[in-house]
Amino acid sequence: MNIQRSFAVLSALLLLLGCSPEKTEIPSSANPVKQHNIRAFNRDEISAGDKTIAITGATLIDGNGGETLPDAVVLIENDRIKWVGKADEYSAPAGVEVMDATGLFLLPGLMDAHYHLNDPNDFLLRGVTSIRDPGAWNESYDPVRAKGQPLPRLFLTGPHLDMYPPAYPNNSFLVRDAAEARVAVNKFADQGATAIKVYFRLSLGIIQAICETAHARDIPVVAHLEITHAGDAIEAGLDGIEHITSFGTALLPMQQAEKYKQLILADNAARDRGRYEVWNSLDLENNPQVDTLLKAILKHKTVISPTLAVFERQYDQGDSIEVNGFQNMLTFLGMAHRAGARIVVGSHTWAPYGEGFAYAREMELLVKAGMSNAEVIVAATMENARYFQVEDRLGSIEAGKQADLILLKENPLEDIRAIRSIERVMLNGVWISVPER
């Protein structure tokens, strides 16, 4: 059978099904995405869709930063996105369940780069379909997983690696040298770790050994630095830095940085006030170390997960040092953004001004720091998927990707606070029941 005849037969079959081949063809990617071995811990516990569903009429915001697509159609087959396009280019196959989303806004499921165990189901109902916990024993999630309720995709790392005396003993795995660090990385990798988290008491030599070992296993390394010079740690191989406060000592004169380092080594609790004093003291506009640090971030494509919301201080909950220190954190992140740094959204689960919406508050603060609404949405979706190393299957609304989607009542491109206006959540091709709020 020649090619022309084969195509004719295929076209006839498609027409019998109510489809047009030129309208339902799935476009192939011009830029193939690297596939990694990262997998959610609860992947086998997440129900997979078993229907063909067409979501019609919504305004599509794809997660890649592309133009919005009004009156869009997204065709979902089981747990995967089958086709994406305009309504006037679509012919519905027989037996499709149609969801009329006219007037709503369709986005990829949100991803949280910095979540700490609380109630993942609550985050799922607010549109967060994937979370990464950077530093908790994997067993910590057993009780909530045993409840049988729908949960986001859980990208767990195991406890963070630290040295004695640890900042958080219950969430730490202590290593004393590079050899122990390599063994620890491999142990957690064998358990399915989706990243390795390093803490600020580790030496640069140990951080470098961790990065080399993790990268050999195709696992990213993220860090809470605080008293470790961020530029040096980036050169050691980090993939990402958690918390905007991790950059403070790299922006101080060496003598002041050493004074702060010794203060924290003597008393972990000194960070609570000390980090604001550090940031309050910075003159970011006339600081040559800002440019040096940003060059290192860009050179190594280091991801910043700033978790601004947990550090936010206003005068009702802070004094002038804390309020000004936080303002400098916002200013530095804006500088990093303008320089071209990769920035993602991480909630830290709780935020003093989040009103139960810590993730949404983080997005609002990223806008306040100078990112556009569209850039923040990409940071919450596709950029986070790259950070998780799952961009081949999550992070955007494209044919072939897993069907993690959210529908909003309001337009987040006009007002980022609209991210709170959840109408429906789909996880793996299954609609999750969202209670009235």
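Rounding to the nearest 0.5 Å places CD1 of I416 at 9.5 Å from CG of N411. To the nearest 0.5 Å, atom OG of residue S372 and atom CD1 of residue I377 are 8.5 Å apart. To the nearest 0.5 Å, atoms CZ (F388) and CD1 (I38) are separated by 10.5 Å. Rounding to the nearest 0.5 Å places CG of L405 at 11.0 Å from CG of L110. Put simply, CD on E322 and CZ on R313 are 6.0 Å apart, with the number rounded to the nearest 0.5 Å. Here the CG-OG1 distance, from D112 to T129, works out to 10.5 Å after rounding to the nearest 0.5 Å.
Donor-acceptor pairing under 3.5 Å is lacking for the side chains of R132 and N384. Counting only N and O atoms by type, the side chains of S305 and E242 include a donor and acceptor under 3.5 Å apart. For the residue pair E398/N64, the side-chain donor-acceptor check at 3.5 Å is satisfied. No donor-acceptor contact under 3.5 angstrom links the side chains of Y199 and E226, judged on distance only. Remark: the E375 side chain and the H337 side chain contain an N/O donor-acceptor pair separated by less than 3.5 Å.
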Inset, instruction - Tell me, with the steps shown, if R424 and L104 meet side-chain contact (heavy atoms from CB on, under 4.5 Å). - result: CA-CA 10 Å; R424 300 205 73 174; L104 302 177; 5.9 Å; no
Inset, instruction - Give the intermediate values and the outcome of side chain to side chain donor-acceptor pair (under 3.5 Å) for residues H160 and S172. - result: CA-CA 5 Å; H160 53 249; S172 300; 3.0 Å; yes
Inset, instruction - Please report the C-alpha distance between R201 and N268 in whole Å, then the side-chain angles of each, then the deciding distance to 0.1 Å, and finally whether the side-chain contact (heavy atoms from CB on, under 4.5 Å) criterion is met. - result: CA-CA 10 Å; R201 288 179 179 269; N268 276 315; 3.3 Å; yes
Inset, instruction - Please test W83 against E89 for side-chain contact (heavy atoms from CB on, under 4.5 Å), starting from the C-alpha separation and ending with a verdict. - result: CA-CA 11 Å; W83 187 86; E89 298 174 345; 4.2 Å; yes
Legend entry - side-chain contact (heavy atoms from CB on, under 4.5 Å) between K261 and T249, intermediate numbers included: CA-CA 8 Å; K261 175 181 177 181; T249 49; 5.8 Å; no
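Between V430 and G49, the shortest heavy-atom contact is CG2-N, 3.5 Å. Annotation for L202 and L161: closest pair CD1-O, 3.3 Å, computed over non-hydrogen atoms. Taking every heavy atom of both residues into account, I234 and A296 meet most closely at CG2-O, 3.7 Å. Shortest non-hydrogen contact noted between G400 and R80 is O-NH1, 3.1 Å. Between P108 and I406, the closest heavy-atom pair is O-CG1, 3.8 Å. For the pair V175 and A184, the tightest heavy-atom approach, listed with the atom from each and the gap, is CG1-CB, 4.0 Å.
Looking only at side-chain heavy atoms (C-beta outward), F200 and S246 stay at 4.5 Å or farther from each other. The shortest distance between side-chain heavy atoms of E364 and I419 does not fall below 4.5 Å. Side-chain contact check for V390 versus M111: some heavy-atom pair is nearer than 4.5 Å. Contact check for W431 versus L407: side-chain heavy atoms found under the 4.5 Å cut-off. Side-chain contact between E235 and L204: absent, with no pair of heavy atoms (C-beta onward) separated by less than 4.5 Å. Annotation: side chain of Q262 is in contact with side chain of E258 (closest heavy-atom distance under 4.5 Å). With a 4.5 Å cut-off on side-chain heavy atoms, L308 and L366 count as touching. Contact of the P412 side chain with the I61 side chain is registered, since non-hydrogen atoms from C-beta on lie closer than 4.5 Å.
The number of heavy-atom neighbours closer than 6.0 Å to CD of E139, taken from other residues, nucleotides and ligands shown, is above 12. Around CD of Q255, the count of heavy atoms belonging to other residues, nucleotides or ligands within 6.0 Å does not exceed 12. Other residues, nucleotides and ligands contribute over 12 non-hydrogen atoms within 6.0 Å of the CZ atom of R386.
Ring pair Y141/F41: centre-to-centre distance not below 6.0 Å. In this structure, the ring of F123 has its center less than 6.0 angstrom from the ring center of Y115. Between H243 and F311, the distance separating the two ring centers is shorter than 6.0 angstrom.
Test I46, N428, L427, D404 against D79 for side chain to side chain contact (heavy atoms under 4.5 Å, CB included) and you get one pass: N428. Residue V128 forms a side chain to side chain contact (heavy atoms under 4.5 Å, CB included) with just one option from L125, I131, L124, and that option is I131.
Relative ring orientation between F247 and F332 is described as tilted, the plane-to-plane angle lying within the 30° to 60° band.
Salt bridge present: E355 and R420 bring a charged side-chain N and a carboxylate O closer than 4.0 Å.
With hydrogens and angles ignored, the 3.5 Å screen pairs a side-chain donor or acceptor of E362 with a backbone N or O of T307. For the pair N42 (side chain) and L154 (backbone), a donor-acceptor distance under 3.5 Å is present. Under the 3.5 Å distance criterion, the side-chain polar atoms of S396 are left unmatched by any main-chain donor or acceptor of T381. A donor-acceptor pair is defined here as one N or O able to donate and one able to accept, closer than 3.5 Å; no such pair exists between the side chain of K409 and the backbone of A418. Judged purely by atom type and a 3.5 angstrom limit, T68 has no side-chain atom pairing as donor or acceptor with the backbone of T59. The closest donor-acceptor contact from the side chain of N373 to the backbone of L413 lies under 3.5 Å. A side-chain donor-acceptor contact under 3.5 Å links N121 to the backbone of P150. For the pair D50 (side chain) and N78 (backbone), a donor-acceptor distance under 3.5 Å is absent. H229 contributes a side-chain N or O that, together with a main-chain N or O of G231, makes up a donor-acceptor pair within less than 3.5 Å. Side-chain N or O atoms of Y353 include one that pairs as donor or acceptor with a backbone N or O of Q314 at under 3.5 Å.
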